[in-house]
Q: 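Below is one structure. I have some questions about it.
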Amino acid sequence: MFPFSFTKTSTVAEALRAGQRGGRFIAGGTTLVDLMRETVERPGALVDISALPLRDVATTSRGALRIGALVRMADAAAHRDVRTAHPVITEALELSASPQLRNMATIGGNIMQRTRCTYFRDVSAACNKRQPGSGCAALGGYNRTHAILGGSEHCVATHPSDLAVALTALEASVHLAGPDGERRVALADFLLRPGNTPDREQALRPGELITAVEVPALPHPSRSGYLKVRDRQSYEFALVSVAVALHVRDGVIRVARVAGGGVGTVPWKLSAVEWHLVGKRPSPRLWEEAAERAAEGSKPLAHNGFKVDLLKRAVVRQLSVVGGTR
Ligand code: SF4
């Protein structure tokens, strides 16, 4: 291990001051400590934010769900408001990581977690995300788990969070606090595609901190759920995942929210699928037609072409489960 300073903070203001001096924020530490052990990340200063008062889950007067950034994954999954309004969030959390990790890791940290691309975590491999300008070992290497959507010639790593897929489907936003005040950013704008700068993964300004996640209200009754397809049944990242929420009234789909995980460099909103569903009656045929649009624009690599069909089949399956035709 290398030397670093460690500052404990108890208020957001204190944390922001310490962050301005160049410190990296740490809470559960379930990603960052691993990366430090492997010397993938070598921060010179850590700012412990685990004692900040960001642990509330609340439903706002407009019916939105607000989850504090420091709520543990396990606590968020079990919270009554989350389970009642958005089962897709509970399911995505409960299918993530392991019980031990879910008891430590926070909602903010889950969104900020870094890719599981094996080359990123191998300091002897070329990786533009870890070391800008060094190349991308995955492009010519083994890329079975990599992205078919949103990649660039500089990086094709997938975003690893299940929670972020559910939040993307639900069109959530993140609340940020920073040296210049507070602001709110749509999650779809917060998580960045790699483009020419794969090392820049979030639209964070220097010294900014996530304080909460907000999920807008869905019309009721809405049904939702999360499907995760992976190589083994637990403690594994998604090859493909699908988050679905539907509001059906008088036998017609009025609202559809669909996103895919394990396929994009960021959680992938499946807008073409949503558009095809709205205004139509649920049926197995409709699910098949909509799913045909799921992989539009995809660019499979040498070893991950199977994700195109797997994504379509996962969309059909999860639409039929949530849509009540199964
Ligand atoms: Fe690095 Fe991205 Fe290439 Fe993986 S896919 S080696 S993270 S640049």
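Since the model is a prediction, treat every value here as computed from it, not as a measurement. When a ligand or atom number is given, it counts from 1 through the structure's own listing order.
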Q: Could you tell me, atom by atom, which parts of ligand 1 come under 4.0 Å of a heavy atom of Ala126?
A: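 Atoms satisfying the 4.0 Å criterion: 6 (S).
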Q: Excluding sequence neighbours, so at least two apart, what forms salt bridge (charged side-chain N to carboxylate O under 4.0 Å, His left out) with Glu208?
A: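 Result, salt bridge (charged side-chain N to carboxylate O under 4.0 Å, His left out) vs Glu208: Arg183.
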Q: What atoms in ligand 1 come closer than 4.0 Å to a heavy atom of Tyr119?
A: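 Those qualifying, in numeric order: 6 (S).
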Q: Can you confirm whether Asn110 sits close enough to Thr106 that some side-chain heavy atom of one is under 4.5 Å from a side-chain heavy atom of the other?
A: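 Not touching, per the 4.5 Å side-chain cut-off.
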Q: For atom 2 (Fe) of ligand 1, what's the nearest protein heavy-atom neighbour? Residue, atom name and distance, please.
A: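 Among all protein heavy atoms, the one nearest atom 2 (Fe) of ligand 1 is Cys155 SG, 2.3 Å.
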Q: I need the minimum non-hydrogen distance between Arg293 and His276, along with the two atoms involved.
A: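 Where Arg293 meets His276 most closely, the heavy atoms are CZ-ND1, 3.4 Å.
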Q: Under 4.0 Å, heavy-atom basis, I'd like to know which part of Cys117 is in contact with ligand 1: side chain, backbone, both or neither.
A: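 The part of Cys117 near ligand 1 is the side chain, not the backbone.
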Q: Going by the order shown, which atoms of ligand 1 are within less than 4.0 Å of some heavy atom of Phe120?
A: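 It comes down to these atoms of ligand 1: 7 (S).
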Q: Please write down residue, atom name and distance for the protein heavy atom closest to atom 1 (Fe) of ligand 1.
A: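 The answer is Cys127 SG, 2.3 Å.
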Q: How far apart are the closest heavy atoms of Arg230 and Phe237, and which atoms are they?
A: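 Smallest interatomic distance, heavy atoms only, reads CB-O, 3.4 Å.
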Q: Between the side chains of Glu171 and Lys269, is the shortest nitrogen-to-carboxylate-oxygen separation below 4.0 Å, so that they form an ion pair?
A: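 Yes, this pair counts.
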Q: With heavy atoms only and a cut-off of under 4.0 Å, state how His154 meets ligand 1: side chain, backbone, both or neither.
A: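 The backbone, only.
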Q: Starting from atom 3 (Fe) of ligand 1, locate the nearest protein heavy atom and write down its residue, its atom name and how far away it is, to 0.1 Å.
A: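 The closest one turns out to be Cys136 SG, 2.3 Å.
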Q: Would you check if there is a donor-acceptor pair between the side chains of Thr90 and Arg83 at a distance under 3.5 Å?
A: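 Distance-only check fails for Arg83 and Thr90.
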